2 protein chains.
Amino acid sequence: MTYCVGMKMNDGIVMVSDSRTNAGLDNVSTYKKMFTYSVGDRSIIIVTSGNLSTSQHVFKTLENDIDSSKSTNLNLCKNFDEIAEYVGQVSLNHSKTDGISINTHLGSNFLIGGQISGQEPALLMVYPVGNYINASEIKPFFQLGETKYGKPILDRLIRNETSLGDAARCALVSFDSTMKSDLTVGPPIDLVVYKKDSIQISLEEHLQFKTPFFSDLSSKWSEGLRNLFKELPKFDWEKEQ
Amino acid sequence: MTYCVGMKMNDGIVMVSDSRTNAGLDNVSTYKKMFTYSVGDRSIIIVTSGNLSTSQHVFKTLENDIDSSKSTNLNLCKNFDEIAEYVGQVSLNHSKTDGISINTHLGSNFLIGGQISGQEPALLMVYPVGNYINASEIKPFFQLGETKYGKPILDRLIRNETSLGDAARCALVSFDSTMKSDLTVGPPIDLVVYKKDSIQISLEEHLQFKTPFFSDLSSKWSEGLRNLFKELPKFDWEKEQ
């Protein structure tokens with residue numbers, strides 16, 4: 001399994017991915033599921049779930065197309081819609097093993113976030129068949145993969161006006177909860193924070209369970225939840241005791 | 001969809017179920033998914049997910065078998081393993097429309113909790129094919145149905161030594177999170193608390209969103225989480241600002 005989150009806040013973009021892959025519980029490995037490209041007038045961050053071969057092919061093709069100055073590449077796309085269209089086509093073409101229809105086992109999903117100078121920051125989700133959607137103003141985040149365990153905390157806290165720091169912390173808590181409940185999601189966690197109009201990646205971290213910041217965040221959160229529980233309203237039958 | 005939780009703590013049993021059923025998003029209704037029987041030397045609480053016809057048939061059969069003093073009924077089972085075996089057989093027989101093999105569309109799951117006087121409290125999960133397991137000492141809760149959204153908070157907080165009040169509150173928070181993320185789980189929430197060795201149900205509540213206790217719990221939890229976030233460790237790049 002995989003877990004990825006992308007967020008578009010008023011102040012910028014937060015993108016997070018885990019690194020665990022598995023072909024069965026007895027075949028677990030670690031691969032990076034994040035691609036970053038911050039050159040010239042644009043910063044682009046992509047995270048992916050689905051078929052690893054397709055995802056890796058897409059990331060490799062994006063690099064090769066830049067290196068060979070192909071007529072469509074990340075530098076030449078005019079906006080993030082064109083980037084999403086391009087990523088979708090590269091992904092779809094790789095998943096059509098017979099050249100005609102998609103082999104559903106080979107499908108991959110992508111979240112693309114970032115900004116091109118002079119344009120607004122963007123966050124999009126690309127589906128295995130190559131189409132895509134933009135993030136909603138009302139619910140400014142997307143998830144991929146093992147989405148359910150970590151969704152309630154995002155639903156409760158993530159709004160457009162949430163600060164980048166709070167959004168990144170919330171994403172890490174969401175990952176912490178997911179990793180506690182599902183062994184097929186695992187570290188290192190790749191975290192990127194992009195501040196609006198900076199056109200460069202502000203923070204790029206690879207967090208392990210033992211990384212002091214993550215371990216501190218995780219234990220403070222658990223402890224805080226336990227304390228919070230003590231403050232919740234009591235049942236009448238408890239007061240009688 | 002459905003969401004049910006059963007917990008076996010050192011101090012007793014907590015059982016919770018939602019009431020929403022749906023046959024497609026355009027066909028939503030409300031049915032009770034909890035059965036309670038507290039007579040003589042025993043208190044038994046059952047919650048269910050799966051095919052509504054099968055679940056209702058099982059609950060009705062349990063009542064009829066007591067009324068007609070059938071050779072196997074809830075009063076005559078010697079222990080909770082026999083009760084689980086009995087419930088499993090009634091469920092399985094109803095799901096075998098051809099009399100031989102189970103129609104998987106008709107399968108239902110059951111959590112059975114409670115106590116028979118002179119025995120330890122028990123919590124068991126019965127599968128559609130009629131077999132069952134007992135709750136683990138290490139992880140003393142079961143879930144049915146839409147389990148993922150509400151599982152992280154249970155994983156973090158529920159231990160054998162958790163008080164019945166904390167366990168019931170934690171279950172309600174788990175339901176609150178699930179109902180915020182999945183519209184196919186909905187109120188009223190049936191909540192039963194059983195105190196060890198009381199052989200009677202200590203608390204039985206039907207909670208709506210507007211029920212003051214539940215609404216108070218829900219808003220205090222949301223507010224507490226937001227405050228807790230403010231206390232979490234800051235990133236270095238935030239401190240620089």
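Every chain is numbered from 1 and lettered A, B, ... according to where its sequence line falls, protein lines coming before strand lines. Treat the numbers as computed from the prediction; the structure is a model and nothing was measured.
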Exercise. Do B/Leu172 and B/Trp221 have side chains that get closer than 4.5 Å, going by heavy atoms?
Worked result: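 Heavy-atom side-chain distance check fails, nothing below 4.5 Å.
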Donor-acceptor pair, distance only, cut-off 3.5 Å: does the side chain of [X] make one with the backbone of [Y]?
X        : Y        : answer
A/Asp11  : A/Ser163 : no
A/Ser19  : A/Pro187 : no
B/Ser218 : B/Ser215 : no

For this session: Quick one: which of B/Ser202, B/Cys170, B/Pro152 has the most heavy-atom pairs under 4.5 Å with chain A, could you say?
Result: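 The candidate making the most pairs under 4.5 Å is B/Pro152.
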Exercise. Using a cut-off of under 4.5 Å for heavy-atom pairs, which of B/Ser222, B/Ala168, B/Gly165 has the most such pairs with chain A?
Worked result: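 Heavy-atom pair counts peak at B/Gly165.
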Exercise. Going by an N to O cut-off under 4.0 Å, is there a salt bridge joining A/Lys139 and A/Asp155?
Worked result: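 Salt bridge present between A/Lys139 and A/Asp155.
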Problem set entry | ring-ring contact (aromatic ring centres under 6.0 Å, His included) evaluation trace for A/Tyr149 with B/Tyr149 | CA-CA 5 Å; A/Tyr149 294 118; B/Tyr149 295 119; 8.7 Å; no
Can you say whether [X] sits under 4.5 Å from chain A via the side chain, the backbone, both, or neither, judging by heavy atoms?
X        : result
B/Leu225 : both
B/Asp216 : both
B/Lys234 : both
B/Leu217 : both
B/Val193 : side chain

Problem set entry | Part of A/Asp176 within contact of chain B (heavy atom distance under 4.5 Å) |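 Backbone plus side chain of A/Asp176, per the 4.5 Å heavy-atom cut-off to chain B.
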For this session: Examine whether an atom of A/Ile153 lies under 4.5 Å from a heavy atom of chain B, and if so say whether it belongs to the side chain, the backbone or both; otherwise answer neither.
Result: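 Only the side chain of A/Ile153 comes within 4.5 Å of chain B.
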Exercise. Pick from A/Glu231, A/Lys220, A/Arg169, A/Lys180: which one has the most heavy-atom pairs with chain B under 4.5 Å?
Worked result: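 Maximum pair count with chain B is reached by A/Arg169.
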For this session: Have a look at B/Phe35 and tell me which of B/Ile45, B/Val47, B/Thr48, B/Leu74 forms a side-chain contact (heavy atoms from CB on, under 4.5 Å) with it.
Result: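 Running side-chain contact (heavy atoms from CB on, under 4.5 Å) over B/Ile45, B/Val47, B/Thr48, B/Leu74 with B/Phe35 returns exactly one hit, B/Leu74.
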